[in-house]
There are 2 protein chains.
Amino acid sequence: MLDLENYLPYLLNRAGVRVAMKFTQDMRPQNITVQEWRVLASLNFNGPQRMSALADHTSIDRTTLSRLVSRMEGADLVSRSRTEEDGREVHIGLTKKGAKLTEGIVPLAKRYEEIALEGFSPEEAVALRDMLRRVYGNFEKL
Amino acid sequence: MLDLENYLPYLLNRAGVRVAMKFTQDMRPQNITVQEWRVLASLNFNGPQRMSALADHTSIDRTTLSRLVSRMEGADLVSRSRTEEDGREVHIGLTKKGAKLTEGIVPLAKRYEEIALEGFSPEEAVALRDMLRRVYGNFEKL
DNA sequence: TATTGTTATACTCTATAACTATA
DNA sequence: TATAGTTATAGAGTATAACAATA
C-alpha cells in the first residue's frame, strides 16, 4: 500500500507541474512555453552559448532543444550561428526582440517565486532550494 | 536578471520531471506511464472510486483521465461500471490483473522514495513533503 | 572514430471546446 | 439547467534511432 498524499515523488511532480501549468497559462499572451522561457532566461543570465551548454543550463533534451530553438528562431527571439573555431558548434544568442521579451517577463517570473514561497520563512526557502537540488542530484547519478 | 540555478520554479519542475522520467524508463517493461501508475496507486490505496474522485486524488485532468482509463481498460488493468444510484457516475476499480501489477510495482515505487531522500534526515524528509504541499496549495488558489 | 547538432517517427500529455446522457 | 463523463483537435514534450557535417 502506498498513499499518494504522502508519497514524495508524487508531491514533487505534482507541485512542479502545477507551477509550470500556471505559468504556461499566464504566458499565453506572450505565446511562449515554459521551456522557451527557460531558454530565454538562460541566454539572458548566462549570455550567448552553444547548444550543448544551453541544454545543460535548461535541462532540456538536445533533440527537443534543437526544434525548440528552430521555433524560437522563426519567431525572431534567438539567433543561430556557426562558430569559426569549430564548424560543428552552433552559438545561440538573444535577438533584440528576444531580449526585450525576456525583460518583460522577468518581473512576472520573480512574482512566481514569491507566490510559491508565500508563507515560507527565508530559512525555509533556502532549505527548499537546497533539498530540490539534492533530490535532482540523487537521480542524476542513475 | 534571473539565475535559473537559484530560481525555485525551475528547481522544482526540474526535480519533478527528472524523477518522473526515470520512473517512466524503469516502467518500460511493465509498459505503463507515470499517470497510469498514479491511477493504479490511488485505486489500490483509496479503493474503487468515481472518475471525479480519481481525478482529484491523482491531480489528473478529467479529459486526460477519461482517455487514460480507456487505455487501461483496454489493457485489462481497470474496470468501468455505471452506478445504479446515479446513472451519470462511473465507478473505476482494479481488475485482478491491475491489482497484481500494482503490487509488483509498489516495492520499486518505495525504492524511488528512498533514492529521492538519500542523504536526508527524517526531519528534512518531513519538512520537504510539507513544503511541497504548501507550494502546491499556494498555486491552487490562483 | 568521436563529437555536435539535426531530423524523423510514434507516443503521451495538455488545452479547449463541443458533446451525450442523466438529474 | 446543472452535473458526470466522453470525444475531438491541435500543439508541445519525450524517447529512440538514424543522420550529416566536422574534428
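In what follows, every chain begins at residue 1, and chains take the letters A, B, ... in the order their sequences are listed. Values below: every heavy atom of this structure, side chains too, minus hydrogens, waters and symmetry copies. Since the model is a prediction, treat every value here as computed from it, not as a measurement.
- Taking side-chain N and O atoms only, B/T64 has a distance below 4.0 Å to OP1 or OP2 of C/dT14.
- Within the 4.0 angstrom heavy-atom criterion, no nucleotide atom of any strand lies near A/I60.
- The side chain of B/R80 contributes an N or O atom lying less than 4.0 Å from OP1 or OP2 of D/dT6.
- A/L65 comes within 4.0 angstrom of nothing in the nucleic acid, heavy atoms only.
- Among D/dA15, C/dA15, D/dT6, the nucleotide with an atom closest to any side-chain atom of A/R67 is D/dA15.
- Between the side chain of B/K96 and the backbone N or O of B/L77 there is no donor-acceptor pair closer than 3.5 Å.
- Of the possible polar contacts, none joining the A/S66 side chain to the A/R62 backbone as a donor-acceptor pair under 3.5 Å is found.
- Atoms CD1 (B/I92) and C1' (D/dG5) sit 10 Å apart, rounded to a whole Å.
- A heavy-atom distance below 4.0 Å to DNA chain D is reached by these residues of residues 16-53 of chain B, ordered by number: B/M21, B/R28, B/R50, B/M51, B/S52.
- For B/R71 and C/dC13, the shortest distance from a side-chain N or O to OP1 or OP2 is below 4.0 Å.
- Here the P atom of nucleotide D/dA12 and the CE atom of A/M72 are 12 Å apart, to the nearest Å.
- A/V90 and A/L68 fall within the same hydrophobic cluster, where Ile, Leu, Val, Met, Phe, Trp and Tyr residues are linked whenever their side-chain heavy atoms come under 4.5 Å apart, directly or through other members.
- Across the protein-nucleic acid pair, A/E89 atom CD and C/dT3 atom P stand 13 Å apart, rounded to whole Å.
- As a whole-Å value, the separation of A/E85 CD from D/dA23 P is 10 Å.
- Cation-pi contact between B/R134 and A/F120: present, with separation from the ring centre below 6.0 Å and deviation from the ring axis of at most 45°.
- One atom, CZ of B/R14, and another, P of D/dG13, lie 18 Å apart when rounded to the nearest Å.
- If you take CG of B/L54 and P of D/dA4, they are 15 Å apart, rounded to a whole angstrom.
- Judged by distance alone, the side chains of B/N13 and B/R18 never bring a donor and an acceptor atom under 3.5 Å apart.
- The backbone N or O of B/R88 sits less than 3.5 Å from a side-chain atom of B/R82, completing a donor-acceptor pair.
- Across the interface with DNA chain D, nearest-nucleotide mapping of A/G87 and A/L68 shows A/L68 to be the residue nearer the 5′ end.
- Per the geometry, CZ belonging to A/R62 stands 17 Å off P belonging to D/dA17, to the nearest Å.
- Two rings, from B/F139 and A/Y112, have their centers less than 6.0 Å apart.
- Between A/D61 atom CG and C/dT7 atom P there is a gap of 15 Å when expressed in whole angstrom units.
- The side chain of A/R88 lies closest to D/dA21, out of D/dA21, C/dA8, D/dA4.
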